[in-house]
There are 2 protein chains.
Amino acid sequence: MTLISKSPATAADVARMAGVSTATVSRFMNSPDLLARDTQQAVLGAVKQLNYRPNLAARNLAGGSTNCLGLVLPELGGPFFSELLAGVEEATREAGYHLLVAGTEPHEAFPLAFPSLNQQFVDGTIVFPDTLSPGMVENLAGHPVVLVEVSHPSLPTVAFDPSVGVREAIRHLVCDHGAERIACFAGPVGAEASRRREEACADELRSLGLAADPSLLVRGDWSELAGRQMAERLLEQGRCFDAIFSVNDEMAIGAVREIERTGLRVPDDVRVCGFDDIPQARWMRPALSTVAAPPRTLGRTAAEVLLARITGRPTPSDVQIPTFLVARETSGCGQELEREENTS
Amino acid sequence: MTLISKSPATAADVARMAGVSTATVSRFMNSPDLLARDTQQAVLGAVKQLNYRPNLAARNLAGGSTNCLGLVLPELGGPFFSELLAGVEEATREAGYHLLVAGTEPHEAFPLAFPSLNQQFVDGTIVFPDTLSPGMVENLAGHPVVLVEVSHPSLPTVAFDPSVGVREAIRHLVCDHGAERIACFAGPVGAEASRRREEACADELRSLGLAADPSLLVRGDWSELAGRQMAERLLEQGRCFDAIFSVNDEMAIGAVREIERTGLRVPDDVRVCGFDDIPQARWMRPALSTVAAPPRTLGRTAAEVLLARITGRPTPSDVQIPTFLVARETSGCGQELEREENTS
DNA sequence: TTGAAAGCGTTACCAC
DNA sequence: GTGGTAACGCTTTCAA
């Protein structure tokens, strides 16, 4: 149809063709209502004919916004982060924004990845920091930011609220399936997300009259391998436990595999409940009972909060995403509960 | 340390402080070697003191590059695409580029997502199109592009080479585990990736003297659900088969689950082999034998090829990523083969 | 080796 | 309502 010229049409081209000024073209692109009917028609015609698209870099330079959001994640593969990313991207795209994604090397310091995003290149950033360092906060100042799963006194946060889900899980293990000694598979010491889940677990145990045994609290780095190793260690030490609550699914899966490897049975000998509800929680056999904490919702919400901040709409400084128990086989329930689930 | 002024330092600020012109600052940022020793030192000092970062939008506008790559994917969640993305991001970051990511709604037409990336906003784009429409190609013209898993006469492509892996898989099923009637679980009709795998499968069956039975070739939409349904249908129709080769892992997993649900056993009654080697292939029980086609490598390679094109380095127009068999339990092998595998 | 100045494509302020 | 025009921050000739 259109002649493909070497360089894309500019506002000046449109202006010339429509017999107006570039200022008018600019107005047409941003708030058409300010223009007279016929002017609108004229410009619209030229825009279509030339297939005009405003140059975003120029628009940005001129002081407008970039229509870009940044997302910084410690890693991009893996079920949790990829779902989180998908949620962010959906919301971002729906709002007409673009998304810039950056990973940080596994244990690389966070700031290494961030400066590149901070260069007036994005209108705001969603950050999932492993640990929040002071220098980082300074970097973030003066630029809309939303933190995910980490709270900070002066920055808005979106995080899961583990309380309801974990309470349901512990109740379920204890009351429905007779667990009495529950081991807790926690994350690294500094990890706030883990801490909140551990606390919810301890709280509920306490309110059920079961003391949380410190020797049954072990820590790993969130990986399946860590879960296996933690279970192995506990078993070798001869610790007595009849259930495990893990602060994420991957460690829970590792635990299940290790327990079964030693000849014990899940859920008959040890009941297991994870946290997250990653897809393989329901694919694995026995299917993993877990506290559903939908990362896609987390990501979508974070993006929505950020977008609201950017556009100046009032936003709560802390948003909590509710979680809930999904009882499957590893806690002792039959699989038929899940009959209706579909692949997404 | 540094005083945080409202707006970030500009090249003019640096120039003033170092007692040079902005041109010199620009040269310093791009090719320092052109400057005299002492000038370099002076500018370097000012840059550090002011914490100067060039404004990328301005740099772009001025005719340089954006240092951004675009990535268009049909979906962002799920094991395959998230690994692909991770590979792209790694290579992109290592090269000092940023990454812009766009998804397309599940069955949304591709061009909807693309124009936004085409607006002189990225230096090049990696595209994973569901199906390649003619209009799309036009959009792509005049802008470096690399296609993933789809070939096109005039555009460079990076794709898996299924031949070696699939040959190994079929041989393994037939020669090592005595399969004689192998069903093929294929993807949608238009999908090139599926077609190449089907062909590799048929070729190898032929060379082993086993005719490929058309009634054992079924198609689904790549999902676990589809795999279940295909297995269900085949079983209901009373088709006789003793092995399945699926063109991706998710359908293979669905097939395994459905087969086991009906009381048949994997691998004793039906051997199953997938394609991709997604993480849960090794987590599930029985562990899935599959043709490893590492998506991270695919992504990384695509990014490298694109980067080479952008910087004018010569690049092959078609790159093939080798694949290979990973024999696990569903094909009839014991699990001990996998002892050494770790979580990544 | 360095500086001056002309863009790059928009936006936004100020007149008309 | 609309047009002129000065930024925005950088790169890149062209001279010196």
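Note on naming: letters A, B, ... go to the chains in the order of the sequence lines (proteins, then strands), and numbering restarts at 1 for each one.
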Next on the checklist: What contact category does Val20(B) fall into here, base, sugar-phosphate, or nothing, at under 4.0 angstrom with non-hydrogen atoms?
Outcome noted: sugar-phosphate
Between CG of Leu61(B) and P of dG7(C) the distance, given in whole Å, is 15 Å
To the nearest angstrom, the CZ-C1' distance between Arg16(A) and dG3(D) comes to 16 Å
Query raised in the report: How would you label the contact of Phe28(A) with the nucleic acid (heavy atoms, under 4.0 Å): base, sugar-phosphate, or nothing?
Result: nothing
Checking dC10(D), dG9(D), dT2(D) against the side chain of Ala36(A) (C-beta onward), the nearest is dT2(D)
To the nearest angstrom, the CZ-C1' distance between Arg59(A) and dG9(C) comes to 11 Å
Separation of dC10(D) atom C1' from Arg53(B) atom CZ, nearest Å, is 17 Å
Separation of dT2(D) atom P from Arg37(A) atom CZ, nearest Å, is 12 Å
Open item on the list: So, OP1 or OP2 of dT2(D): does either fall under 4.0 Å of a side-chain N or O from Thr39(A)?
Closed with: yes
N/O (side chain, Thr10(B)) to phosphate O (OP1/OP2, dG9(D)) under 4.0 Å: no
Assert: residue with more 5' nearest nucleotide on DNA chain D, out of Leu34(A) and Thr22(B), is Leu34(A)
Whichever of Gly19(B) and Ala58(B) has the more 5' nearest nucleotide on DNA chain C, that residue is Gly19(B)
Whole-Å distance, Met29(B) CE to dG9(D) P, equals 15 Å
Open item on the list: What's Ala23(A) touching, base or sugar-phosphate or nothing? Going by heavy atoms closer than 4.0 Å.
Closed with: base
Quick one: label Thr24(A) by what it contacts on the DNA or RNA (base, sugar-phosphate, nothing), any heavy atom closer than 4.0 Å.
sugar-phosphate
The reported gap from OH in Tyr52(B) to CG in Asp13(B) (rounded to nearest 0.5 angstrom) is 9.0 Å
One should read off an interatomic distance between Leu73(A) CG and Ser82(A) OG, to the nearest 0.5 angstrom, of 9.5 Å
**Asked** Is there a donor in the side chain of Asp123(A) and an acceptor in the side chain of Thr66(A), or the other way round, less than 3.5 Å apart?
**Response** yes
Testing dG9(C), dG3(C), dT11(C) for proximity to the side chain of Arg27(B), the answer is dG3(C)
**Message:** Strictly below 4.0 Å, N to O, side chains only: are Arg300(B) and Glu83(B) in salt-bridge contact?
**Reply:** no
In whole angstroms, the gap separating P of dC13(C) from CG of Asn30(A) amounts to 13 Å
- Query: Just to confirm, is there a sub-4.0 Å distance from OP1 or OP2 of dC10(D) to any side-chain nitrogen or oxygen of Asn60(B)?
  - Reply: no
Winner on side-chain proximity to Ser21(A), out of dT11(C), dG3(D), dG7(C), is dG3(D)
Has Ser31(A) got a side-chain atom pairing as donor or acceptor with Asp33(A)'s backbone, closer than 3.5 angstrom?
no
Atom CG of Asp38(A) and atom C1' of dT2(D) are separated, to the nearest Å, by 12 Å
